[in-house]
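Here's the structure we're looking at; comments come further down.
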Amino acid sequence: RATSPAASAEPTQRRAIGRKLQMNTEHIVKSFDEDLKKLDNTIAEMGGLAEVQLADAIEALIKRDTELADRVIAGDKKIDMLEADMDTHATTTLALRQPMADDLRVTITALRTASLIERIGDYAKNIAKRSVVLSQSPPLGPAKSINRMATLVQGMIKDVLDAYVARDVDKAEAVRARDADADLLHTSLFREILTYMMEDPRTITSCTHLLFVAKNLERIGDHATNIAENVYYLVNGEPPVDEREKSDASSFTVVEHEAE
């Protein structure tokens, strides 16, 4: 049976159209993957900056280095800019890609985590500001205890950021567990600083600033724990079932003044 040239060309045209559609689909998938990868890269960059900011703020406090403190204060703008970029990129991804299931969790979790990291940067800046004031007064003993608490919190930040990148739930859960240790240290510091204030009223101004520094560190620990819960949600599709342990008793702490 004779076949017209037009009829014989139809399968070839369909195959060409099919290849073109496949290429377009592959391009869209690759572009979407790049969008999601950019979210993770931005979180990693923000987290790295926040780690450095906190480390420098604590160093400025301990070494009474006002120049370093000023650099920390100025450096917070970079984290703010990255969060703004993240917000724009994630919002655009939601609008144009309309992600579902795992991809939607990646996008939403990145937005939430970026906001938490930005707050960590703000607390580091606040510590740097207070270190400038503290540098104008004689050194206080509790500053060493502040350093111990800072070391614990810095470890929590590092581990939770590693857990986020690696999607490591076990590591994230270990960070959640350490939040209780940060709370206990904060309560201990609170009592220690109050005692200093009661024993020598001349230290009230400096000790008040140290109280705020300790509270900032406690809040940073809380935010690291929140990121850990984000990692759990990102991997499992649901928040942790168990309530996090809270051991901060500073709100109920009373230090009795000994009668002379």
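Just so you know, these numbers come straight off a predicted model, no measurement behind them.
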Q: Begin from the C-alpha positions of Arg119 and Asp222 and carry the test salt bridge (Lys or Arg N to Asp or Glu O under 4.0 Å) through to its verdict.
A: CA-CA 11 Å; Arg119 290 298 296 144; Asp222 284 344; over 6 Å; no
**Q.** Step-by-step side chain to side chain donor-acceptor pair (under 3.5 Å) determination, Arg148 to Thr151
**A.** CA-CA 5 Å; Arg148 286 198 299 273; Thr151 299; over 6 Å; no
**Q.** Worked verdict on Ile117 versus Ile227 for side chain to side chain contact (heavy atoms under 4.5 Å, CB included)
**A.** CA-CA 9 Å; Ile117 295 174; Ile227 295 173; 4.0 Å; yes
Q. For Lys78 and Glu45, what are the C-alpha separation, side-chain angles and deciding distance, and is it a side chain to side chain contact (heavy atoms under 4.5 Å, CB included)?
A. CA-CA 10 Å; Lys78 176 62 175 176; Glu45 185 177 0; 3.9 Å; yes
(Q) Could you go through Leu234 and Val169, starting from their C-alpha distance and side-chain angles, then the distance that decides it, and tell me whether this counts as side chain to side chain contact (heavy atoms under 4.5 Å, CB included)? (A) CA-CA 9 Å; Leu234 180 59; Val169 174; over 6 Å; no
Q.
Pair Gln154, Glu51 - check side chain to side chain contact (heavy atoms under 4.5 Å, CB included), show working.
A. CA-CA 7 Å; Gln154 285 173 284; Glu51 281 188 83; over 6 Å; no
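Nearest heavy atom pair, residue Leu111 against residue Ala90, reads CG-CB, 3.5 Å. Between Ile43 and Ala114, the closest heavy-atom pair is CD1-N, 3.6 Å. Contact detail for Gly221 and Val153: the closest heavy-atom pair is N-CG1, 4.0 Å. Of all the heavy atoms in Ile73 and Lys129, the pair that sits closest is CD1-CG, 3.6 Å. Considering all non-hydrogen atoms of both residues, Val231 and Val160 come closest at CG2-O, 4.4 Å. A pairwise comparison of heavy atoms in Lys171 and Ala163 identifies CB-CB, 3.9 Å as the closest pair.
Here Gln53 contributes atom CD and Asp56 contributes atom CG; the two are 7.0 Å apart, rounded to the nearest 0.5 Å. Once rounded to the nearest 0.5 Å, the distance linking CG of Asp103 with OG1 of Thr93 reads 10.0 Å. Remark: Leu54 CG to Ile157 CD1 distance equals 5.0 Å, nearest 0.5 Å. For the atom pair OG1 of Thr208 and CE of Met197, the computed distance is 4.0 Å after rounding to the nearest 0.5 Å. Interatomic distance, Ile79 CD1 to Asp122 CG, rounded to the nearest 0.5 Å: 8.0 Å. Distance check: Ser206 OG to Leu211 CG gives 11.0 Å after rounding to the nearest 0.5 Å.
Hydrophobic clustering of Ile, Leu, Val, Met, Phe, Trp and Tyr side chains at less than 4.5 Å, counting indirect connections, unites Ile204 with Leu189. Grouping the Ile, Leu, Val, Met, Phe, Trp and Tyr side chains by contacts below 4.5 angstrom, directly or via other members, places Ile220 with Ile62. Cluster membership for Leu152 and Tyr123, using ILVMFWY side-chain heavy atoms within less than 4.5 angstrom, is shared. Residues Ile58 and Leu68 are members of separate hydrophobic clusters, defined by side-chain heavy-atom contacts under 4.5 angstrom among Ile, Leu, Val, Met, Phe, Trp and Tyr. The hydrophobic clustering, which links ILVMFWY residues whose side-chain heavy atoms are closer than 4.5 Å, places Tyr164 and Leu36 together.
Under the 6.0 Å distance and 45° angle rule, Arg130 counts as a cation-pi partner of Phe212.
Using a cut-off of 4.0 Å between Lys/Arg side-chain N and Asp/Glu carboxylate O, Lys37 and Glu34 are scored as not salt-bridged. Salt-bridge annotation for Arg167 and Asp40: present, with a side-chain N of the basic residue lying under 4.0 Å from a carboxylate O of the acidic one.
A donor-acceptor pair under 3.5 Å is absent between the side-chain atoms of Arg176 and the main chain of Thr225, judged by distance alone. Glu218 contributes no side-chain N or O that, together with a main-chain N or O of Asp183, makes up a donor-acceptor pair within less than 3.5 Å. Looking at Ser188, its side chain never comes within 3.5 Å of a backbone N or O of Leu185 through a donor-acceptor pair. Remark: side-chain polar atoms of Thr195 are paired, donor with acceptor, to backbone N or O of Arg191 under 3.5 angstrom.
Side-chain contact check for His89 versus Leu39: some heavy-atom pair is nearer than 4.5 Å. Inter-residue side-chain proximity for Val213 and Leu61 is flagged as met; some heavy-atom pair is nearer than 4.5 Å.
With a 6.0 Å radius and a threshold of 12 heavy atoms from other residues, nucleotides or ligands, Glu67 has its CD atom at or below the threshold. In Arg202, the CZ atom is not crowded: 12 or fewer heavy atoms of neighbouring residues, nucleotides or ligands sit closer than 6.0 Å.
No side-chain donor-acceptor contact under 3.5 Å links Thr109 and Arg112.
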